[in-house]
Amino acid sequence: MTNTTLIEQIAREYIERLVLTSEPLNPKWNRENYIFKKKPKWNYMDSCMIRALLKYSEKTNDTRMIAYAVKFVNSYVNKNGDIPTMSAADFNLDNICGGINLIKLYKMIGDERYRLAYEKLYLEQLAKQPRLKCGCYWHKAIYPHQMWLDGAYMALPFLAEYGKINNKSDLISDAVEQLKCIRKIMRDSKSGLYYHGYNETREMNWADKTTGLSSNFWLRSNGWLCAGLADFYEITEDRFCRNMLLDLLEALEACMTEEHMLMQLPAIPDIPGNYPETSGTLLYAYGAIKGYCLGAAEKKSADRGKASLNTVTERYIIHNNGIPVLKNICLMGGLGGTSERDGSAEYYLSERIVENEAKGIAPYLMAASELYSSSISKNTLLPDG
């Protein structure tokens, strides 16, 4: 069995045995809800999983995946396009993540609720989202004057797609300008990696008093940026976005272990307690393979992304009762908040490590869907190595 075939097999097993069998209000992949006994609500983890499912359905023409996505989203979005379990006043960029799914489902199904819902995400939240002086969005209302790298994935592809379908080029330009600010402020010129957070007032416990930046490069935040840039380029074909993606791919590849994995703290691999983290590695793999399929990234990046996906498949996935189990997923990571997370290396290495969580499974399916597409295209055939 080739590695490509094994990846497709495991992706199918995830879809058949974990995703399609999950109740929308109690999904098996949402470990945060289970661990912290949270009530079901509109959130980015579930939105990522549905996005991955829709991506895979496009590659395989499996209508069951579309039907499940409809069932899932309809459990959170009513016929008026309202999402009762979220509040636009929270100005939480994570809640925008599902907007791409709403646009895609509206194009596929034509149900008016989806159009009303994505219009409300823009008009009631993004159009009013507080901004830093540089023009970038605040990450959340509860994190004032702060920019987190994750937001580039959560909000900017949606902003660009919304602008595109509504013929509002100024919104696409807005998104590009935000990417330029992210690169200017958050990128480390030496490593090419990006710091997790920026606080323009320098008042947070984690913010450097001179630069306003957090003190470490957290893998998954760089992974979110990598995936977001690939998605953004697909929508806009923007040259600055392409160059930013190429630069980040090169920076991440410079940090890879011999087995093509990336560490939780990629720039300091030998620090005690550091470990190969799968969700961030898979987000990189997705960005690298997709970037190549779009004609944006070089083949060497696609090959390394494929190698990373192979390693995760062969060394970090086991089976339990016929269901794949993906290991080494950092459950969550953040800055400040009620627990006063300080952004130190010790903090990132203290966060809980879990199995089969959406933040790992979704990018696995996303990367597998891109590989599936490339493996059947004569122009983008990738080797198994």
Study note, to complete from the structure: When Leu123, Asn101, Ile103, Leu105 are each screened for side-chain contact (heavy atoms from CB on, under 4.5 Å) with Tyr118, the one that passes is Ile103

Exercise for review: Tell me yes or no: between the side chains of Glu253 and Ser301, is some donor less than 3.5 Å from an acceptor?
Suggested key: yes

Check your understanding: Is the shortest distance from a Lys or Arg side-chain nitrogen in Lys140 or Asp90 to a carboxylate oxygen in the other one below 4.0 Å?
Key -> no

Check your understanding: Is the number of heavy atoms from other residues, nucleotides or ligands under 6.0 Å of Glu259 CD greater than 12?
Key -> yes

Point to revise | Heavy-atom pair with the smallest gap, counting every atom of Glu16 and Thr21 | key: O-CG2, 3.4 Å

Review point. Taking ILVMFWY side chains as joined if any heavy atoms are under 4.5 angstrom apart, and letting links pass through other members, which residues group with Ile318?
Key: Val325

**Study point:** Evaluation steps, side chain to side chain contact (heavy atoms under 4.5 Å, CB included), between Arg352 and Met332
**Key:** CA-CA 7 Å; Arg352 189 185 306 225; Met332 54 203 310; over 6 Å; no

**Study point:** Heavy-atom neighbours of Glu250 CD exceed 12 at 6.0 Å
**Key:** no

Practice item. Check whether more than 12 heavy atoms from other residues, nucleotides or ligands sit under 6.0 Å from atom CZ of Arg202, and answer yes or no. Key: yes

Review point. Is the ring centre of Phe217 less than 6.0 Å from the ring centre of Tyr195?
Key: yes

Practice item. Identify whether the distance between the nearest side-chain nitrogen and carboxylate oxygen of Lys107 and Glu161 falls below 4.0 Å. Key: yes

Exercise for review: Mind listing the closest non-hydrogen atom pair of Ala152 and Pro157 along with its distance?
Suggested key: O-CD, 3.1 Å

Point to revise | Under 3.5 Å side-chain donor-acceptor pair for Asn74 and Tyr114 | key: yes

Revision key, fill the gap. Per side-chain contact (heavy atoms from CB on, under 4.5 Å), Glu277 is matched among Leu262, Asn328, Ile329 by Ile329

**Study point:** Nearest heavy-atom neighbours spanning Leu252 and Asn222
**Key:** CD2-CB, 4.2 Å

Check your understanding: Taking C-beta and beyond as the side chain, do Leu335 and Met204 meet within less than 4.5 Å on heavy atoms?
Key -> no

Practice item. Run the salt-bridge test on Asp231 and Lys290 with the 4.0 Å N-O cut-off and return the result as yes or no. Key: yes

**Study point:** Lys/Arg-Asp/Glu bridge criterion (N-O < 4.0 Å) met for Arg113, Asp111
**Key:** yes

Exercise for review: Grab the two heavy atoms, one from Ile35 and one from Val354, that are nearest each other, plus how far apart they are.
Suggested key: CD1-CG1, 4.0 Å

Exercise for review: For the residue pair Phe158 and Tyr162, categorise the inter-ring angle as parallel (less than 30°), tilted (30 to 60°) or perpendicular (more than 60°).
Suggested key: tilted

Exercise for review: Specify the closest pair of heavy atoms between Phe232 and Ala175, including all atoms of both residues, with the distance to one decimal.
Suggested key: CE1-CB, 3.4 Å

Review point. Which word best sums up how the rings of Trp224 and Tyr44 line up, parallel for under 30°, tilted for 30 to 60°, or perpendicular for over 60°?
Key: perpendicular

Point to revise | Polar side chain donor-acceptor pair, Tyr286 to Lys55, under 3.5 angstrom | key: yes

Study note, to complete from the structure: Scanning both residues in full, the closest heavy-atom pair of Ala52 with Leu365 reads CB-CB, 3.9 Å

**Study point:** Any side-chain donor near an acceptor of the partner, Asn356 and Tyr14, under 3.5 Å
**Key:** yes

Review point. According to the ring pair (Phe, Tyr, Trp, His ring centres under 6.0 Å) rule, which pairs have a member within residues 47-93, sequence neighbours left out?
Key: Trp29-Phe72, Phe72-Tyr76

Review point. For His319 and Glu13, does a side-chain donor sit closer than 3.5 Å to a side-chain acceptor?
Key: yes

